[in-house]
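Quick caveat: nothing in here was measured; it's all calculated off a predicted structure. Both backbone and side-chain heavy atoms feed into the values below; hydrogens, waters and symmetry mates do not. Along the sequence shown, the residues carry numbers beginning at 1.
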Amino acid sequence: QVQLVESGGGLVQAGGSLRLSCAASGRTASSYAMAWFRQAPGKEREFVAAISWSGTNTYYADSVKGRFTLSRGSAKNTVYLQMNSLKPEDTALYYCAAKAGRFTTGLTGRSVYDYWGQGTQVTVSS
């Protein structure tokens with residue numbers, strides 16, 4: 001079984017920054033494409049950003065493009081989401097997701113992912 005452990009959420013003022021981390025552990029495959037999704041109260045879970053297994057390809061939702069950066073860490077199957085210029089509308093529960101295998105495209109849909117974390121809360125005050 002694979003576990004995804006997220007960290008880095010918190011409360012920040014509008015215009016501030018946070019960095020979320022996600023690490024896969026357990027019976028992990030050799031390669032994963034990974035992503036972040038978020039869900040605000042009363043809304044559907046939505047795509048935020050994704051990165052291919054090699055880190056070569058990244059994808060972002062239009063709402064976060066230019067403000068968020070997703071990268072892979074030096075540790076195997078670890079990713080970081082750097083969130084800058086945060087807005088109150090970024091407030092949500094942020095979920096890490098992973099898809100086993102060497103995938104580089106088709107990474108923006110919820111149904112694509114095999115594993116999900118428990119979520120970390122991000123709250124941006126105005």
Side-chain angles (χ1 to χ4, degrees):
Q1 184 71 338
V2 174
Q3 294 83 39
L4 299 180
V5 178
E6 303 130 325
S7 61
L11 173 64
V12 64
Q13 288 189 330
S17 299
L18 283 174
R19 190 176 83 152
L20 304 184
S21 302
C22 176
S25 63
R27 297 182 62 182
T28 58
S30 59
S31 303
Y32 287 96
M34 298 181 78
W36 287 92
F37 289 74
R38 66 186 182 187
Q39 187 168 17
K43 295 189 176 181
E44 294 285 320
R45 190 173 300 188
E46 65 176 5
F47 170 75
V48 176
I51 190 165
S52 62
W53 70 277
S54 62
T56 302
N57 304 86
T58 52
Y59 305 90
Y60 297 95
D62 288 343
S63 59
V64 307
K65 204 170 290 184
R67 300 188 298 122
F68 290 12
T69 302
L70 182 59
S71 60
R72 300 200 79 100
S74 56
K76 182 182 174 182
N77 294 326
T78 300
V79 295
Y80 302 100
L81 183 66
Q82 179 66 43
M83 305 186 296
N84 298 329
S85 302
L86 283 161
K87 305 175 181 179
E89 50 264 46
D90 294 317
T91 295
L93 192 59
Y94 282 70
Y95 294 91
C96 179
K99 177 176 178 59
R102 297 188 171 189
F103 293 93
T104 58
T105 61
L107 298 176
T108 62
R110 284 166 49 184
S111 62
V112 165
Y113 292 90
D114 305 310
Y115 305 102
W116 291 84
Q118 294 298 306
T120 184
Q121 180 67 39
V122 172
T123 303
V124 185
S125 62
S126 57

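One hydrophobic cluster, built from ILVMFWY side chains closer than 4.5 Å, holds both L4 and V122. L70 and Y95 are members of different hydrophobic clusters when ILVMFWY side chains are connected at heavy-atom separations under 4.5 Å.
Within the structure, no pair that satisfies the disulfide bond (SG atoms under 2.5 Å apart) test touches residues 43-91, not counting sequence neighbours. The stretch residues 49-94 participates, sequence neighbours left out, in no disulfide bond (SG atoms under 2.5 Å apart) pair at all. For residues 88-126, every residue pair satisfying the disulfide bond (SG atoms under 2.5 Å apart) rule, not counting sequence neighbours, is listed here: C22-C96. The ring pair (Phe, Tyr, Trp, His ring centres under 6.0 Å) contacts involving residues 33-82 comprise F37-F47, F37-Y113, F37-W116, where partners must be two or more places apart or lie in separate chains. Sorted pairs that involve residues 97-107 and meet salt bridge (charged side-chain N to carboxylate O under 4.0 Å, His left out), not counting sequence neighbours, are lacking altogether. Sorted by first and then second residue, the pairs that involve residues 104-126 and meet salt bridge (charged side-chain N to carboxylate O under 4.0 Å, His left out), not counting sequence neighbours, are E44-R110.
In this structure, CG on L81 lies 8.0 Å from OG1 on T69, to the nearest 0.5 angstrom. Interatomic distance, Q13 CD to S126 OG, rounded to the nearest 0.5 Å: 9.5 Å.
Under the side-chain hydrogen bond (donor to acceptor under 3.5 Å, both in side chains) criterion, T105 pairs with no residue at all, not counting sequence neighbours. For K65, the salt bridge (Lys or Arg N to Asp or Glu O under 4.0 Å) test picks out D62, with sequence neighbours left out. For T123, the side-chain hydrogen bond (donor to acceptor under 3.5 Å, both in side chains) test picks out Q121, with sequence neighbours left out. With sequence neighbours left out, S74 forms a side-chain contact (heavy atoms from CB on, under 4.5 Å) with no residue at all.
Within 6.0 Å of the CD atom in Q118, the count of heavy atoms belonging to other residues, nucleotides or ligands does not exceed 12.
With respect to R72, the side chain to side chain contact (heavy atoms under 4.5 Å, CB included) criterion is satisfied by exactly one of T78, T56, N77: N77.
Other residues sharing the hydrophobic cluster of L11, ordered by chain and number and joined by side-chain separations under 4.5 Å: none, the residue standing alone.
Between F103 and V112 there is no side-chain heavy-atom pair separated by less than 4.5 Å.
The shortest heavy-atom contact between K43 and Q39 is O-NE2, 3.1 Å. Pairing each heavy atom of A24 with each of V2, the nearest pair is CB-CG1, 4.4 Å.
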Validation: residues 83-94 side-chain donor-acceptor distances under 3.5 Å, sequence neighbours left out:
from	atom 1	to	atom 2	distance (Å)
N84	OD1	S17	OG	2.9
N84	OD1	Q82	NE2	2.9
D90	OD1	R38	NH1	2.9
D90	OD1	R67	NH2	3.0
D90	OD2	R67	NH1	2.8
D90	OD2	R67	NH2	3.4
D90	OD2	K87	N	2.8
T91	OG1	P88	O	2.9
T91	OG1	V124	N	2.9
T91	OG1	V124	O	3.4
Y94	OH	R38	NH1	2.9
Y94	OH	D90	O	2.6

